[in-house]
4 protein chains.
Amino acid sequence: MAPDQVISSIKDAELVAKRRQQMIQGAVSLFKEKGFHRTTTREIARASGFSIGTLYEYIRTKEDVLFLVCDAIYEQVKTRLESVIDWWNPSVATLEQVVDSYFRLMDDMQEEVLIMYQEVKSLKKETKDYVMQKERDMVTMLEKVITTCLPEVMSNQDVALAANNMFVQGQMWAFRRWMLQKQFTLETYISRQTHFLLQALSINAASEEKA
Amino acid sequence: MAPDQVISSIKDAELVAKRRQQMIQGAVSLFKEKGFHRTTTREIARASGFSIGTLYEYIRTKEDVLFLVCDAIYEQVKTRLESVIDWWNPSVATLEQVVDSYFRLMDDMQEEVLIMYQEVKSLKKETKDYVMQKERDMVTMLEKVITTCLPEVMSNQDVALAANNMFVQGQMWAFRRWMLQKQFTLETYISRQTHFLLQALSINAASEEKA
Amino acid sequence: MAPDQVISSIKDAELVAKRRQQMIQGAVSLFKEKGFHRTTTREIARASGFSIGTLYEYIRTKEDVLFLVCDAIYEQVKTRLESVIDWWNPSVATLEQVVDSYFRLMDDMQEEVLIMYQEVKSLKKETKDYVMQKERDMVTMLEKVITTCLPEVMSNQDVALAANNMFVQGQMWAFRRWMLQKQFTLETYISRQTHFLLQALSINAASEEKA
Amino acid sequence: MAPDQVISSIKDAELVAKRRQQMIQGAVSLFKEKGFHRTTTREIARASGFSIGTLYEYIRTKEDVLFLVCDAIYEQVKTRLESVIDWWNPSVATLEQVVDSYFRLMDDMQEEVLIMYQEVKSLKKETKDYVMQKERDMVTMLEKVITTCLPEVMSNQDVALAANNMFVQGQMWAFRRWMLQKQFTLETYISRQTHFLLQALSINAASEEKA
DNA sequence: CATGAATGAGTTTTCATTCAT
DNA sequence: TATGAATGAAAACTCATTCAT
C-alpha cells in the first residue's frame, strides 16, 4: 500500500508507515503555505516532529517527500470517491449523488488539490507517471459511473470527455476559488454544474439517437 | 501598457521595452523547459542575450521576470482572443467561432498556459492580483460573447459558469494533454466540447424559459 | 598481541578477537575499493556481518577500524616475512631467497600495501607511531638479514640504506604497478632488482674494503 | 599551460590564473597540514583569501582543487628538474649532478610529495591519468639521462628499472623521512644512494658486457 | 551482547543580488 | 548603459556516534 518507490533505511515497516504519515502531514501544511520549492527539508523535518537526520532515514531526496505527499492526496481522494459510489443501484440519481460527493470532496481538499496542480510537475518522469496513473484511474471510474447510470448509449469519446469535464470542474472549484467562490456557494455551484452536465449528456444522447 | 510595477534603473523607455521583450522571450523558453524555480537568473540573462548585470538593470528581482512573463502571456492570449470576436454580428455561429478560435489559441500556447498554471502562485500577492485581473477580464469577455450571441435569456450565474467552464476546458487541452491528446484530435475535441456546451446552454435556456 | 590501544565494551576477549577479525576483513575489502574516507561505518558494519550498534561495541571511533586494519596488515606482512627467513644458514642464497619471498609477498598484498601507504597518515600521532614501529621492525629485520648473509663488512648506514631501498622497492611493485607491471613480469622484476641489489652491495663492499 | 580540464565561470583568463595560484597556495598548505579529506572548501576559500562563492567561480568541485594542486606540484617538479639537466655534456658527472639536484628538489618539496603520494588516489580516473602521465614523463626523462650519460649499453628494462628506483628513492626521502632523516643527513643520503646507483649500473653494465 | 532508530553538526554546492569598473 | 567578478546566506544531504530496548 505504501509507495515503495521511496526507499528507507529503516527496517521496521510499521514505523516507516507511521513516520511517513507524520511527514506527509507536516509537509502538506507547509506546501499549502509556501509551495514545494520554498519549503526546506529542515522545515519539513521540524513540522513532522523529528530531526533532519531522521527525515533522511525515511526518504532519499526532497523530491521523495513531494511524491509521498502527492501519492497520499490521490489515494485519499480515490478512496473517498470510491466509498461513495453505489454500483448496485445505477441511476441518474446515483450519478447526481456521485457528482455531489465528488464536488464536496474537492471542497474539503482544496489546498491539497492545489498542491497537486502546481507541484506534480516537479516530480521526475518515473514517479510522475505513477501518480498520473492514479488520476487516470479516477477518470476511468467516473466514466464507468456515467456509462452505468445513464440510460442512453453514448460514444466512448463523449463519455471520456464528460468524465474529464466533470473531473476538472471539481478541481476548478479549488484552483479557481478566488474567482468562483465569490459568485457561488458550494451548493449552487454543485447544482448548476450538475444541471449543465445532465442536460448536455441527455440531450446529447437524445440528439444522437435521433441522428 | 508595459507593466510599470516593475522598476528599472534605465531611463530610456524604448530600450526598457526592447530589453524586456528579449528577456521575456528568453525566460519563456527556459520556464517551459525547467520551470521558474529551476531556472537561474544567469540562464535568463544568457538566453536574453545580455549579461547578468544588464538583466538587473531592467528588473529588481527574479520574481519580476516571472511577472513580466505571466503578464506577457496573458496579454498575448487576450489580444488574440479579442481580435477574433466579431461584436457586430452576434449569433450562435459567432459563438462557435469564438470557441473554436479560443481552443486553437490554447493549442498554440500550450506551454505558456502551463507556465501560467504552475508558476503564477509564486508571484507575491500584489502582482498576482494584477495578473489574475487579466484572467477575470477574459472570462468577462467570454461572458459577454455568450450573452450577446445566445438568443435565450440566462441567469448571470449560469453565464458566468458557462464562461468559466469554457475557459477552463480550453486550458484543460493544455494541462491535461497527456490524457486528452491520446484520445482526441484538436478538431474532435473542439467539436465535441462545442456540442456539449451548446446543448447544455440552449436546453438549459429552454428549460428555464418554460419554468 | 591484539592491539589493546583500542578499547571495547565487550568483556569476552575471545569474542572481541573474533569480531575484530570479521571487522578487519570487511573493512579491508572496502578500503581497497574506496579508501578509508569514502567508506562509512555502516558499510563496515554491514560488510562485517553485524549491525552498526555492534560495531561500536568493539571500537570507539571509526579511526580505530583503520588502526586495526593497518595493524593487521603489518602483522601479516611481518609474520609471513619472518616465517621465510632461515637464520641458521646465512648465505647470499638465503638473502636472495628472502628478497624473492618479500617481493612475492608484496605482489600478493598489493591492495593492502596501498591502503597502508595512503591511509596511515589519517591515524592520529599516537597510533601512527605504533604502526610505524612495526615498519621499523621489518626494516631492522632486513638489515639483519643483509648483515648476516653478506660476507663483506658494510657500514651501518649502508646496510640501513640497502634495507630501506629493498623494502621500498618491494612496495613500489604495488604502488607503482600502473607503471611497472606493463614493463615487467613479477619474475623479471625480482630478478633484475636482485641483480642490482647484489651488485651494488658487493661492489660497494669490495670498494669499501679497498679503501 | 593552466589545466583547462577544470572549468571556470570567470572569463578573464589572467584572473583565473591568478586566483588559481592563490587557491593552490592556500590549499597546499592546508593539505599538508590535514590532508585533502579533512580540509573543507570553506577553509580553502579562506586560506586563498576569498569567499566560498568566489572559490566556486573558479572551480566546479572540491576535487578540482585537488587536481589543480597535484598538477601544480608535478609541473613544478618537472620544470625544476628539466632546468637542471645539461643535455649538451653528457657524462657520469652530469648524471651525478642530476641525481643530486633531484634529491635536493625532493628535499625542498617534501610536503608536496607527500600530498601527491597520499591524495592522487582521490582523483577520478580521467584526471588521475592526466596527472600520472606527468610522472611517466619524468621517469622517461630520467631514463634518457641515464642512457645518455652512461658509456655502457644497458637493456631498456634495466634503464627503466634504474630510473624508477632513482625516482622512488628521491621520493622516499620525503615519505620515509620519519625513518631516514634520523640516520642520514641529506648530503650523506645523496652520496650513498648515488654510490649505490652508479656501482649497480656500471657493474651491471660491466657484467653484462662480459656476458 | 546485539540491534537499529535517532540525532545534528558539518559538508559541499548553488545562486540571487550587488557594485566597481 | 553594460559588464561580470565577488559575495555569503541558504539549501540539500551525509554520517559518525549514541542509547533505549
Side-chain angles (χ1 to χ4, degrees), chain A residues 8-12 15-16 18-19 37-45 49-65, chain B residues 8-12 15-16 19 37-46 49-65, chain C residues 8-12 15-16 19 37-46 49-65, chain D residues 8-12 15-16 18-19 37-45 49-65:
Chain A
S8 165
S9 352
I10 301 308
K11 297 184 174 179
D12 183 339
L15 190 56
V16 171
K18 178 182 154 198
R19 291 275 179 266
H37 281 103
R38 296 205 198 285
T39 301
T40 70
T41 51
R42 295 190 114 85
E43 287 170 323
I44 296 172
F50 32 72
S51 70
I52 183 67
T54 301
L55 178 72
Y56 274 91
E57 291 290 313
Y58 292 91
I59 54 162
R60 274 258 190 293
T61 68
K62 188 184 173 191
E63 214 208 271
D64 283 349
V65 181
Chain B
S8 164
S9 343
I10 304 303
K11 307 292 163 192
D12 183 342
L15 190 55
V16 172
R19 290 276 181 264
H37 281 102
R38 296 201 201 286
T39 301
T40 70
T41 51
R42 285 163 121 106
E43 288 171 322
I44 296 171
R46 200 177 325 125
F50 36 72
S51 71
I52 183 68
T54 302
L55 180 73
Y56 272 87
E57 295 292 320
Y58 293 92
I59 54 161
R60 276 262 181 289
T61 70
K62 187 185 172 190
E63 214 208 89
D64 283 349
V65 181
Chain C
S8 165
S9 343
I10 303 304
K11 307 292 163 196
D12 183 341
L15 190 55
V16 171
R19 291 274 181 264
H37 282 102
R38 298 202 199 287
T39 301
T40 70
T41 50
R42 285 163 122 106
E43 288 171 322
I44 295 171
R46 200 178 324 126
F50 35 73
S51 71
I52 182 69
T54 301
L55 180 73
Y56 272 88
E57 295 291 320
Y58 293 91
I59 53 160
R60 276 266 179 287
T61 70
K62 188 186 172 190
E63 215 208 89
D64 283 349
V65 181
Chain D
S8 165
S9 351
I10 300 309
K11 298 184 173 180
D12 183 339
L15 192 56
V16 171
K18 178 182 155 196
R19 291 274 179 267
H37 281 104
R38 295 205 200 288
T39 301
T40 70
T41 52
R42 296 191 113 84
E43 288 171 321
I44 296 171
F50 32 74
S51 71
I52 182 67
T54 300
L55 179 72
Y56 273 91
E57 292 289 313
Y58 292 91
I59 53 160
R60 274 259 189 293
T61 69
K62 187 185 173 190
E63 213 208 272
D64 283 349
V65 181

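Order of the sequence lines sets the chain letters (A, B, ...), proteins ahead of strands, with each chain counted from 1.
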Check this for me, if you would: do C:R42 and A:E57 make a salt bridge, where the nitrogen-to-carboxylate-oxygen distance has to be below 4.0 angstrom?
yes
Most 5' of B:T54 and C:E57 on DNA chain F, judged by nearest nucleotide
B:T54
Residue whose closest nucleotide on DNA chain F lies nearer the 5' end, B:K11 versus C:R38:
B:K11
Classify the nucleic acid contact of [X] as base, sugar-phosphate or nothing, counting any heavy atom under 4.0 Å across all strands shown.
| X | result |
| --- | --- |
| C:T39 | sugar-phosphate |
| A:I52 | base |
| D:T61 | sugar-phosphate |
| B:T41 | base |

Tell me: [atom1] of [X] to [atom2] of [N], nearest whole Å?
| X | N | atom1 | atom2 | answer |
| --- | --- | --- | --- | --- |
| A:K62 | F:dA10 | NZ | C1' | 12 Å |
| A:E63 | F:dA11 | CD | P | 18 Å |
| C:H37 | E:dG10 | NE2 | P | 16 Å |
| B:R46 | F:dA2 | CZ | C1' | 17 Å |
| A:D64 | F:dT14 | CG | C1' | 15 Å |
| C:R42 | E:dG4 | CZ | P | 11 Å |
| A:D12 | F:dA20 | CG | P | 19 Å |
| D:L55 | F:dA5 | CG | C1' | 14 Å |

What are the two closest heavy atoms between D:K62 and D:H37, and how far apart are they?
NZ-O, 3.7 Å
Please state whether the phosphate of [N], meaning OP1 or OP2, lies under 4.0 angstrom from any side-chain nitrogen or oxygen of [X].
| X | N | answer |
| --- | --- | --- |
| A:R60 | F:dA12 | no |
| B:Y56 | E:dT17 | yes |
| B:Y58 | F:dT1 | no |
| D:S51 | F:dT7 | yes |

5'-most contact on DNA chain E (nearest-nucleotide basis), C:R19 vs B:T40, goes to C:R19
Please report the interatomic distance [atom1]([X]) to [atom2]([Y]), rounded to the nearest 0.5 Å.
| X | Y | atom1 | atom2 | answer |
| --- | --- | --- | --- | --- |
| B:L55 | B:R19 | CG | CZ | 11.0 Å |
| D:I44 | D:I52 | CD1 | CD1 | 8.0 Å |
| A:K11 | A:S8 | NZ | OG | 11.0 Å |
| D:T41 | D:D64 | OG1 | CG | 12.0 Å |

I want to verify a distance call: between E:dA2, F:dA5, F:dT3, whose nearest atom is closest to the B:F50 side chain?
F:dT3
Taking pairing as Watson-Crick or G-U wobble with both contacts under 3.5 Å, can you name the mate of E:dT21, or confirm there isn't one?
F:dA2
